[in-house]
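One structure is given here, and the rest of the page talks about it.
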Amino acid sequence: MSLSAARSFLSEATHGEQELDANSALMELDKGLRSCKLGEQCEAVVLFPKLFQKYPFPILINSAFLKLADIFRLGNNFLRLCVLKVTQRSEQHLEKILNVDEFLKRVFSVIHSNDPVARAITLRILGSLASIIPERKNAHHSIRQSLDSHDNVEVEAAIFAAASFSSYSKDFAAGICNKISEMIQGLDTPVELKLKLIPTLQHMHHDAALASSSRELLQELVSSYPSTAMLIIRLLLQYLKEDPRKAVKRLAIQDLKLLAKKAPHLWTRSNIQVLCECALSTPYNSLKLGMLSVLSALPGSIAIKQYFSTTTGEVSPVPHHTDLVKLAQESCYHSNLLVAAHGITVLASIVISCPGKDVIPLEQETVMAMESLILLCSQDESKTAQATLKTALSSLVKMLKSCPHLSQSSVDLLLGQLHCACDSARVFICQALSAIATQQPAMAEGMLGDLIELFRVASNRDSEKQQELLVSLATVLFVASQASLSAEVKTVIRQQLENVANGWTVYQIARQASRLGCHDFSRELYQGLRTRVASEHFYFWLNGLMEFSQAEQCLSGLSDGDYSAAMSAISEALKSYQKGIASLTAASTPLSPLSFQCEFVKLRIDTLQALSQLICTCNSLKTSPPPAIATTIALSSGSELQRCGRISTQMKSSMDEFRSLAARYADLYQSSFDADYATLRNVELQQQCCLLVSYVIEALILDPQTARFQELGTHGSVRAESDYELRMLAVFMRVLEEVETLSRKHPPVSYLHTNCLCDAVIAILKVPLSFQRYFFQKLQSTSIKLALSPSPRTPSEPIPVQNNQQLTLKVEGVVQHGSSPGLFRRIQAVLLRVSSTLQAKQGSDVKILLDSKSNEIEQQVEPHNDFFSTQFLLNFSLLGTHTVSVEASVVDGSGIEWNTGPKTTVSVKSLEDPYSQQLRLQLQQTQTGSQPTAQRNLSTRFQ
């Protein structure tokens with residue numbers, strides 16, 4: 001192998017590529033480091049961050065950094081600079097260096113060089129290592145000494161190192177604070193150098209005296225240096241109002257915006273009033289924009305409500321007469337589009353946060369201002385105009401949700417703009433119309449005519465924006481049609497897709513159709529796409545999606561009361577689902593196992609089978625009525641349900657099955673850490689369906705007195721308020737009302753009760769299933785790698801341990817993220833569970849207490865820089881081979897546990913200690929030696 005092989009290995013793995021182990025990659029990089037060519041050495045150095053990212057475990061990182069330290073000590077300045085960049089890029093792995101002293105010794109030797117550049121690079125690498133060597137006095141002394149250097153490069157490096165060490169070391173900060181103060185106040189220090197020294201003071205927070213002295217120095221600088229370049233100050237409304245310098249006002253606005261986002265509850269009415277007065281009085285658009293951005297960060301919080309609230313003895317302020325409303329009204333029609341966007345946001349938040357008679361006049365003004373801004377920006381393709389349009393549409397959707405009586409005029413305006421707006425603006429308008437139609441289904445029907453006409457005359461340009469517009473228009477059509485596409489809509493979409501759309505656009509539209517319940521149309525699109533892909537995995541994936549759509553389409557034609565047709569439809573759907581799950585299994589690869597998709601489809605199949613069995617059980621009351629002696633059996637057993645015959649036991653079995661399915665949906669929920677909120681809510685709704693059916697069985701037939709319906713799901717996730725969710729909740733409410741009415745009027749069990757059960761099943765199946773985003777696309781990716789030590793030499797060989805000793809099992813792990821870490825939730829802690837089970841037992845005559853036969857230990861650790869490490873002490877008193885399992889799960893910021901895995905196992909062989917084995921052998925020899933002697937004595941007595 002060569003360095004190019006190591007480079008290809010450390011790059012992103014391609015499909016089917018044979019991966020090497022970490023030691024092989026490290027050896028190849030080591031060969032590059034020992035090369036005589038400078039280019040190969042540099043190439044090997046810069047590949048180390050990829051090695052750390054791929055195998056972020058301490059043993060490898062320690063060896064790699066020691067090799068880099070040798071290169072730093074023996075190489076030239078360019079190699080040292082490369083090592084410095086590697087150290088800075090691998091900051092999160094520095095704590096995994098085991099031989100810190102040896103690493104520091106090799107690096108620190110360069111500080112005594114006569115080359116100031118080499119000393120500067122060494123100071124910067126020391127600053128990068130400050131987190132692991134905060135109290136090293138030799139490093140402290142070198143930094144202090146270099147601050148007096150006459151070389152500017154070395155002084156700047158010393159300032160960087162001083163700032164780094166000050167943030168970690170209290171002693172260093174206390175010792176260097178006076179030195180920095182003297183340099184800042186000294187007349188011989190250049191102004192540029194003072195500007196670089198001042199940020200160091202932000203780390204002087206270890207005690208009150210240090211912070212106070214730093215603050216006094218900064219306050220003195222504010223008054224001593226009136227030039228704008230010297231201003232670094234904190235947030236004060238007084239500076240914003242009274243200081244004439246624009247730079248001070250800008251800095252104040254930045255800090256105000258941060259406080260508005262992080263601590264809106266600290267804002268009082270007087271604070272908002274001062275900010276409004278400053279915004280009204282300033283003649284500068286840039287400052288007005290900044291102040292409005294601060295106010296627009298407050299909507300939705302308690303600050304706006306407090307501004308209009310009253311205290312005891314005060315008169316309630318009229319919204320029209322307040323400076324906040326006056327500022328927002330003036331800004332809505334400002335020539336600067338960004339100012340107008342913020343004004344719209346503030347004005348809409350006032351209408352939403354303060355409902356009442358006083359804000360009714362503001363509603364029309366706000367809508368008119370929004371419509372004017374939308375008309376202006378929809379014709380402009382610039383980035384500023386499109387950002388303003390997106391903000392205005394977002395505020396419009398939020399406002400129409402709280403003021404639905406204003407929706408008609410706004411929808412008419414948006415539909416009119418769709419014909420004349422630019423392509424990028426049309427996409428945003430379609431998204432807004434889709435949101436409005438989801439919130440208010442009554443508005444959807446009026447959109448269809450204009451949307452069909454627009455889709456029919458869509459441009460023939462094959463541009464990226466045009467393709468995105470086709471997807472957006474199709475999505476609005478699906479939402480407006482409410483999962484029942486007419487023949488005209490299908491024909492129009494099909495013609496445009498054949499003429500204009502590419503394969504990816506067709507797939508996106510089919511995906512949206514599956515999400516919104518238009519399974520008949522999605523099946524057609526998937527069927528046409530199957531032959532347009534180049535991989536058999538993609539073919540099987542599309543074929544599986546086609547079968548799933550076909551299965552759901554079989555359930556769309558159900559009618560109330562026709563139970564035999566319902567069973568036939570479920571049977572046909574199950575056939576398609578079985579074909580689809582086979583294709584889905586064939587589409588999975590080691591890099592993309594499709595575990596969530598397979599489990600979701602399996603649960604759907606089991607749910608349909610359970611519903612079909614429930615209908616059969618209900619029909620059995622007619623096909624197999626109770627026997628003549630059923631009353632006698634009920635009286636003798638004391639159970640009134642025995643009057644119904646064998647249907648009671650069948651119903652009990654069916655109820656247990658639905659509860660089991662609900663538990664499996666809960667497990668799927670807990671294992672979907674990376675799923676978006678809409679997908680989690682969808683899984684929760686499926687769980688609710690199972691819980692609802694089990695409740696109906698219990699309430700109508702088994703035990704009406706104690707039946708209780710669990711209103712929320714397992715975790716009560718944030719509701720996405722999709723059309724599918726609204727329809728499912730409507731079905732839940734209708735079924736619960738029917739059950740309540742029936743249980744009051746009629747005693748169990750009659751045909752009315754079984755018909756109610758069957759009607760509930762049909763009502764649930766009539767709502768088209770929604771395949772949410774996580775089924776098709778993973779926006780967040782999180783995985784955990786575990787490493788156990790000690791580890792066996794070979795995978796099949798167990799770890800030996802004596803039964804009178806305990807095994808220390810060290811568990812190290814790394815949290816790996818995708819391109820968007822923490823998009824939906826972040827890992828707060830990792831929960832490790834260690835358990836052991838005995839597989840093969842030795843020494844049957846050894847008696848051990850039952851408590852020592854297994855280990856069950858649980859420990860929670862918090863990852864630091866995505867790395868965690870902990871140890872477990874395990875007892876193996878019972879001789880034999882034990883299987884030790886280590887399973888990881890994560891805890892997010894809300895304290896919810898997610899079963900993400902992985903699960904790692906290792907074999908441990910418990911051996912008898914030599915001393916006990918020797919005693920046992922001696923005892924056996926004594927017993928075997930005493931038996932012949934006793935036999936000889938017995939024979940001599942009878943001679």
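Being a predicted model, the structure only gives us computed values, none of them experimental. Starting from 1, each residue takes its place in the sequence as its number.
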### Query
Sub-3.5 Å donor-acceptor pair from the side chain of K194 to the main-chain atoms of I184, do we have one?
yes
### Message
Just to verify, what does K785 make a salt bridge (charged side-chain N to carboxylate O under 4.0 Å, His left out) with, not counting sequence neighbours?
### Response
none
### Task
Report the relative orientation of the aromatic rings in F108 and H112; use parallel for angles under 30°, tilted for 30 to 60°, perpendicular for over 60°.
perpendicular
### Query
Which distance, rounded to the nearest 0.5 Å, do you find between the NZ of K85 and the SG of C82?
9.5 Å
### Check: E154/S146 side-chain N/O donor and acceptor closer than 3.5 Å
yes
### Query
Looking only at atom types and distance, does a side-chain atom of S169 sit under 3.5 Å from a main-chain N or O of F165, one as donor and one as acceptor?
no
### Task
Output yes when K810 and E812 qualify as a salt bridge under the 4.0 Å nitrogen-oxygen rule, no when they do not.
yes
### Task
Report yes if some heavy atom in the side chain of D866 is under 4.5 Å from a heavy atom in the side chain of H817; otherwise report no.
yes
### Query
Distance-only, no hydrogens or angles: does the N865 side chain make a donor-acceptor pair with backbone N or O of F867 under 3.5 Å?
no
### Query
Can you check whether N899's main-chain N or O pairs, donor with acceptor, with Q670's side chain at less than 3.5 Å?
no
### Query
Can you name the salt bridge (charged side-chain N to carboxylate O under 4.0 Å, His left out) partners of K67, sequence neighbours left out?
D30
### Task
Check whether any side-chain heavy atom of P116 sits under 4.5 Å from a side-chain heavy atom of V153, and report yes or no.
no
### Query
Do I176 and K179 have side chains that get closer than 4.5 Å, going by heavy atoms?
yes
### Side-chain heavy atoms of L81 within contact of L84, under 4.5 Å
yes
#### Entry: Under 3.5 Å: donor-acceptor pair, side chain of K778, backbone of D674
no
### Task
Return the set of residues passing side chain to side chain contact (heavy atoms under 4.5 Å, CB included) with E95 (not counting sequence neighbours), or none when no residue passes.
I132, H864
### Task
Flag the pair F78 / C42 as yes when at least one side-chain heavy-atom distance between them is below 4.5 Å, and no otherwise.
yes
### Message
Determine whether a donor-acceptor pair (N or O, by modelled atom type, separation under 3.5 Å) exists between the side chain of S149 and the backbone of D151.
### Response
yes
### Message
Side chains of Q871 and T808 only: does a donor on one sit below 3.5 Å from an acceptor on the other?
### Response
no
### Message
Could you go through F103 and F72, starting from their C-alpha distance and side-chain angles, then the distance that decides it, and tell me whether this counts as ring pair (Phe, Tyr, Trp, His ring centres under 6.0 Å)?
### Response
CA-CA 10 Å; F103 177 72; F72 188 87; 8.6 Å; no
